[in-house]
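Notes follow once the structure below has been shown.
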Amino acid sequence: MKFGKTHYISEITPELQGREVVVAGWVYRKRDLGSVQFLVLRDSTGILQMVAKEGECNEETLQAAKRAGIESSLRAKGIVRQDPRAPGGVELVLKELEVVGPSEDFPIKGKEGPEFLLDHRHLYLRSRRLQAILKIRAEAIKAMHEWFYKNGFIETEAPTIIEQVVEGGATLFELNYFGKKVYLTQSSQLYLEAFITAFEKVYTIQPSFRAEKSRTWRHLTEFWHAEAEMAWADLNDMMDVVEALVKYVAEKVVERRSEELEYLKRRFEPPDGRFPRISYDEALEMAQRKGSKLSWGEDLDTPSERMISLEFETPFFVHRYPRQSRAFYHMPDPKRPEVLLCADLLAPEGKGEIVGGGQRIHDYNLLLERIKEFGLDPSRYTWYLDLRKYGTVPHSGFGLGVERTVAWIAGIRHIKDAIGFPRTPTRTIP
RNA sequence: GGCGGGGUAGCUCAGUAGGUAGAGCGUCCGGCUGUUAACCGGAAGGUCAUGGGUUCGAAUCCCAUCCCCGCCGCCA
């Protein structure tokens, strides 16, 4: 694996003074002074200044350094030298330099706009900014797997190609499947509800697709969805799980990726204490006090959500939304049938909804009634209804938006940057 | 689906009483033995999104079309 390398760049420290090492990477910056060449080399661990100077190296090495353009890949042998003038206080005095993959006129120079950078995403990935965000993303996903594993959840997979609709038809991408109309899944929830009768607690982290022309900072047409479902669990159990999971993820990212957060200039403290749990009624009241014209029964709109979220330091739940405002499978509150046993987790700082979930209807007749109430065709939900016919149990679950969570933790403006190759209504390349 | 903004050099943009286009950065050439987004000198580079119209003359005014961006709705 080392390909002749002796060190990663992060391992080149002043203590190695005088040692001969071989490093490999890409040219990050370059300063050409004629008979002195400065190359700043980047690898996956950091950056290192390298010097080729007449008198300190042979002519061949000096010429190779001169030839190496920005982002060309190279392997370099040299002597480690402490020097206060070098970034990080250490540099490499070049002895041999091999340009492995030349690069001429790298398109990204540093002043490009967002559109250009998205068009060149395959090249922009190597930027330190995107590297930092994507390392945070990887850490967040790893932490989710850890938390689920430690808490007895079984990882399952739901199909991407599906036949029946989940919540309503308009937002599904249609696919031609040997002449039959099928769709890309927009949630694994219904399948997880089947898995719980085997495993009780299950989760999956996989993409969901939404065919909505939503052009906002918090929407993608293809996003990674962390979903969990639990048998024998009510709304409060679900909120407990979400709270523990989100806290764990935040803690692990801060613990393991503080350098990256710092690079992004993100001052982020993992949330402390219990997440506040306010009802829709209370949330509506807060919004109305701040000037919202919403009346009871209407879903909270984005401006209201933002106003409310600025009142909180940590993520917080809003639970028990009006019956009309949510999907058919949500369980009505037995004590108050006009609201549902559902809850959203909203991030502070106006960062919007991160999690949506709730208790599901486990009664066959009630579910059938609700499907009809929503004008859906019960024949398309036979297997889903079946789950209520054979040993049904009270159960709850939720879906967490991976990119939204990363955007909140990393403090980035647009969730496009929380995934390597974002998909939006107008972008499918690269 | 609704509302708003925008397409001028490789990039980021400037350019209205209409007179066949500019800057910074980048690129190329030259110089420089300690640079930190190096610096200095020189050069190249544009069917002003597309089509049509008004006009002696259109990047600029009018009409149409295409594309992009942001906000709202929808949601994770």
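All values below come from the heavy atoms of this structure, side chains included, with hydrogens, waters and symmetry mates left out. Computed from a predicted model, the values in this text were never measured in an experiment. Chain letters run A, B, ... following the sequence lines, proteins first and then strands; every chain starts at 1.
Base pairing of B:G70 is made with B:C3, judged by Watson-Crick or G-U wobble geometry with both donor-acceptor distances under 3.5 Å. Using N1 to N3 plus N6-O4 or O6-N4 for Watson-Crick, or N1-O2 and O6-N3 for G-U wobble, each under 3.5 Å, B:A14 pairs with nothing.
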List the atom pairs, with distances to 0.1 Å, where a side-chain N or O of residues 136-143 of chain A and a protein N or O form a donor-acceptor pair under 3.5 Å, not counting sequence neighbours.
residue	atom	partner	partner atom	Å
A:R137	NH1	A:E403	OE2	3.0
A:R137	NH1	A:A418	O	2.7
A:R137	NH2	A:E403	OE2	3.4
A:E139	OE1	A:R257	NE	3.1
A:E139	OE2	A:R256	NH1	3.4

Could you give the side-chain donor-acceptor pairs of residues 344-357 of chain A under 3.5 Å, partners two or more places apart or in another chain?
residue	atom	partner	partner atom	Å
A:D344	OD2	A:Y321	OH	3.4
A:D344	OD2	A:R326	NH2	2.6
A:E349	OE1	A:R266	NH1	3.2
A:E349	OE2	A:R266	NH2	3.2
A:K351	NZ	A:I412	O	2.7

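Taking a 4.0 Å limit (strictly below) on heavy-atom distances, residues 423-430 of chain A reaches RNA chain B at A:T426. Sorted by residue number, the members of residues 115-144 of chain A with any non-hydrogen atom under 4.0 Å from RNA chain B read A:E115, A:F116. Near RNA chain B, meaning a heavy atom under 4.0 Å from it, residues 213-221 of chain A has A:K213, A:S214, A:R215, A:T216, A:W217, A:R218, A:H219, A:L220 in order of number. Contacts of residues 20-50 of chain A with RNA chain B (heavy atom under 4.0 Å): A:R29, A:K30, A:R31, A:D32, A:L33, A:G34, A:S35, A:V36, A:F38, A:Q49. Across residues 300-314 of chain A, A:D301, A:T302, A:P303, A:R306 each have a non-hydrogen atom less than 4.0 Å from an atom of RNA chain B (numbered order).
In this structure A:F209 satisfies the ring-ring contact (aromatic ring centres under 6.0 Å, His included) test with no other residue, sequence neighbours excluded. A:H319 is linked by a ring-ring contact (aromatic ring centres under 6.0 Å, His included) to nothing, counting only residues two or more places apart in sequence or in another chain. Residues forming a ring-ring contact (aromatic ring centres under 6.0 Å, His included) with A:F38 (at least two apart in sequence, or on another chain): none.
When each of A:G113 and A:R81 is assigned the nucleotide of RNA chain B with its nearest heavy atom, A:G113 is the one assigned upstream, toward the 5' end.
Counting only residues at least two apart or on different chains, the salt bridge (charged side-chain N to carboxylate O under 4.0 Å, His left out) pairs with a member in residues 36-51 of chain A are A:R42-A:E71.
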Are any protein N/O atoms closer than 3.5 Å to N/O atoms in nucleotides 24-28 of chain B? If there are, list each pair with its distance.
residue	atom	partner	partner atom	Å
B:G26	O2'	A:K109	NZ	3.0

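When heavy atoms are screened at a 4.0 angstrom cut-off, A:E112 is found touching the sugar-phosphate backbone but no base atom.
In summary, the aromatic rings of A:H145 and A:Y149 are positioned with their centroids too far apart to meet the 6.0 Å limit.
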